[in-house]
Amino acid sequence: MKIIEILTAMSEKMPGFPLESSSAEKLLLKHQDYNPKKYVTASFLVAIAISLIVFAFYSVIGMFLAFAGCFFVFLKLPEIEIKIIDEKMEAEMPIVLTNLHLHLKTGIQFRRALELSCEDGEFSGRMREALRNVESGSTIQSAFAQIYSKTNSPRIKMAISQTLSAYEHGGEAREIGAFADSMLSMQHHKLRDTSSKLGMIGLIFVTVSVVAPTFFLIGAILSKPLFNVEIGTFQLAIILLVLFPLVSFAVLYAGNAIMPAFYLSATKTRRNLNPYSVYLLEKKTEEIENALPDALIAMSTLPKGANIKKILGVIANSSSKELTNEGQIMIRQLESGITPQKALEDFYMRNKSPIVRRTVTAIEQIVGTGRMESVSSVAESIIKFFEIKRARANILSMHKYTLIFGALLVPAIMAGTISFTKNLTNGFGSSDMIITKAPEIISIYLIIYSVLVSLYIADAEGKRSLALPYAGVLSFVSVMLFNTIGMVWG
């Protein structure tokens, strides 16, 4: 559960706080029955609770800083949440609008075309909500007006206006296709702007997770012999294992918010505790997705009126082993008497991804209308999305290696710090208990660092099944490196 969801749930039982917050009011776009002033009360009380915990282990200054920081972050969360939702909708929008344009070109009625165009994301959810309202008796204009009022994004509002215009004027709605293409170009520009921002986020993260803990560790060990101020082992553990990881998490959260949302490889899998099997499924789906554009272009060359077996034969003769297997399975299903619709649905259920779904919809259109040109249009749109995917992967790769380099840098610096301060305190003729306990605390800190970085990288890549393997490898390497360097440097 997200922090904002916890605060929102708590706020239902709180009195209103006499303080206006424009950020808190933005959550009204998501929850109509939500009270911004009650949310401010919940944020205020939770910030006080956290500051009192900090005071118990640290100082009055730390308490005030913790309160100010937490209260500010909690008040900003609604604005960040709405921004993330809008970006997710904008990322999905080109796919839905392209689908709608293609469906309208084949002569499908507007409401049915919009229903077929919807994916599984936030924007599609809003469109389905509008369709349900229409079925309940609302006009399409009023249903779309509700979606319009629930967003701050001018691009989403423009998309809603374009969709409503297509309904009112009819036709193939070429403006929708043109707008979808412009949204794709905008995603390219966003990715270029994000590159420098992610570089700065990586630098800040290394500072708060590598440099700052190192200086704090030196200060904690030397504070007693130099200034006769003792920092206990428990305080060291709280600051290194709680405070610094929380700050690091906040920096990575900011990096996640900066990265433009990308709706393409949202592969849906059943809950599976075996990360290796999930990884194999994701790899299989990725191979199928990469091979589908070529298969669709090959389908578009078939003569008009080609039967379903010939169409699926193109998939069965694909250059991809996984896609060939899927095509052969569907042909065997047809030969055993299963309907084409059921065979195609099973294909999607085995490989749940937006790309596979669009392919299934395109083939169903061929069977229903016999128009082959729509398939090549789908292939072209998929290729455009792959271009964005590759650009995103290139930007992420540098950011990813910066964070992984940090996981190797932390143990080396920490081991050197322990060795340096140990020799220094011995020179002063004193040896503190904190030096003997610090290696154990640092080992735990290295594991926490590795887990944070692994979760962030796996989420950014859209391959969450890799989080556990990443965390295992980074934790093992960093702890082993720390212990090895520590033994060498004594």
Side-chain angles (χ1 to χ4, degrees), residues 4 20-32 34 36 75-101 104 110 113-114 117-131 133-134 138-169 173-198 254 256-264 354 381 384-385 387-388 391-392:
I4 190 170
E20 298 288 340
S21 171
S22 58
S23 174
E25 289 175 356
K26 288 185 178 180
L27 208 58
L28 285 167
L29 297 171
K30 185 178 179 183
H31 303 289
Q32 297 296 320
Y34 152 88
L75 291 184
K76 276 291 181 182
L77 282 179
E79 184 177 342
I80 296 171
E81 178 72 9
I82 295 302
K83 182 175 180 289
I84 290 173
I85 290 173
D86 283 346
E87 285 191 351
K88 286 181 178 179
M89 291 173 67
E90 288 179 10
E92 184 195 4
M93 222 161 45
I95 296 178
V96 177
L97 295 180
T98 302
N99 289 347
L100 180 60
H101 177 226
L104 292 174
F110 180 84
L114 184 58
S117 302
C118 289
E119 299 282 335
D120 298 306
E122 188 75 28
F123 186 70
S124 294
R126 301 283 177 92
M127 288 297 179
R128 286 196 184 93
E129 182 184 346
L131 289 173
N133 290 338
V134 171
S138 299
T139 63
I140 284 187
Q141 288 83 351
S142 63
F144 274 43
Q146 289 184 25
I147 304 175
Y148 192 93
S149 65
K150 290 181 181 179
T151 180
N152 282 329
S153 168
R155 287 174 287 276
I156 296 174
K157 291 182 176 181
M158 190 177 296
I160 294 169
S161 299
Q162 292 278 1
T163 307
L164 190 57
S165 175
Y167 166 74
E168 291 174 343
H169 297 97
R174 291 186 180 87
E175 295 81 6
I176 290 181
F179 183 71
D181 289 338
S182 69
M183 287 297 297
L184 287 177
S185 300
M186 190 175 296
Q187 287 190 22
H188 270 293
H189 291 303
K190 275 187 176 182
L191 285 172
R192 294 193 195 100
D193 294 339
T194 303
S195 180
S196 58
K197 293 178 182 178
L198 284 180
N256 192 46
I258 287 173
M259 174 60 70
F262 184 61
Y263 186 85
L264 181 62
S381 66
K384 289 178 183 177
F385 285 111
E387 289 174 359
I388 297 177
R392 192 174 191 270

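All values derive from a computational prediction rather than experimental measurement.
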Quiz item: Between P94 and M183, what is the shortest heavy-atom contact and its length?
Solution: CG-CB, 3.6 Å

Quiz item: In chain order, what residues pass the side chain to side chain donor-acceptor pair (under 3.5 Å) check against K83, with sequence neighbours excluded?
Solution: E87

Quiz prompt | All pairs passing salt bridge (charged side-chain N to carboxylate O under 4.0 Å, His left out) where residues 176-186 contributes a residue, at least two apart | solution = D181-K384

Quiz prompt | Rounded distance [0.5 Å steps], OH in Y148 versus CE in M158 | solution = 8.5 Å

Exercise. Please list, chain by chain and in numerical order, all residues satisfying side chain to side chain donor-acceptor pair (under 3.5 Å) with S165, sequence neighbours excluded.
Key: H169

Quiz prompt | Derivation of the side-chain contact (heavy atoms from CB on, under 4.5 Å) call for I85 and R126 | solution = CA-CA 11 Å; I85 290 173; R126 301 283 177 92; 3.9 Å; yes

Exercise. Check M93 against F179 and note the closest heavy-atom contact, atom names and distance.
Key: CE-CE2, 4.3 Å

Quiz item: At what distance, to the nearest 0.5 angstrom, does CG of L100 lie from CE of M127?
Solution: 8.0 Å

Quiz item: Can you name the ring-ring contact (aromatic ring centres under 6.0 Å, His included) partners of F110, sequence neighbours left out?
Solution: Y167

Exercise. Answer yes or no: is there a donor N or O on one side and an acceptor on the other, between the side chain of E92 and the main chain of E122, under 3.5 Å?
Key: yes

Exercise. List in chain and number order the residues that pass side-chain contact (heavy atoms from CB on, under 4.5 Å) with S138, two or more places apart in sequence or in another chain; answer none if no residue qualifies.
Key: N133, S142

Exercise. Output all residues satisfying side-chain contact (heavy atoms from CB on, under 4.5 Å) with S153, sequence neighbours left out; order by chain, then residue number.
Key: D86, E90, T151, R155, I156

Exercise. Working to the nearest 0.5 Å, report the span between CD1 of I82 and CG of N152.
Key: 7.5 Å

Quiz item: Once you round to the nearest 0.5 Å, how far does CG of N99 lie from CD1 of I176?
Solution: 11.5 Å

Self-check item: Results of side-chain contact (heavy atoms from CB on, under 4.5 Å) for A130 - residues two or more places apart only
Solution: A143, F144, I147

Quiz item: Shortest non-hydrogen contact from P78 to L75?
Solution: CD-O, 3.3 Å

Self-check item: Contacts of type salt bridge (Lys or Arg N to Asp or Glu O under 4.0 Å), residue K157, not counting sequence neighbours
Solution: none

Quiz item: Which atom pair, heavy atoms only, marks the closest approach of V96 to S117?
Solution: O-CB, 3.6 Å

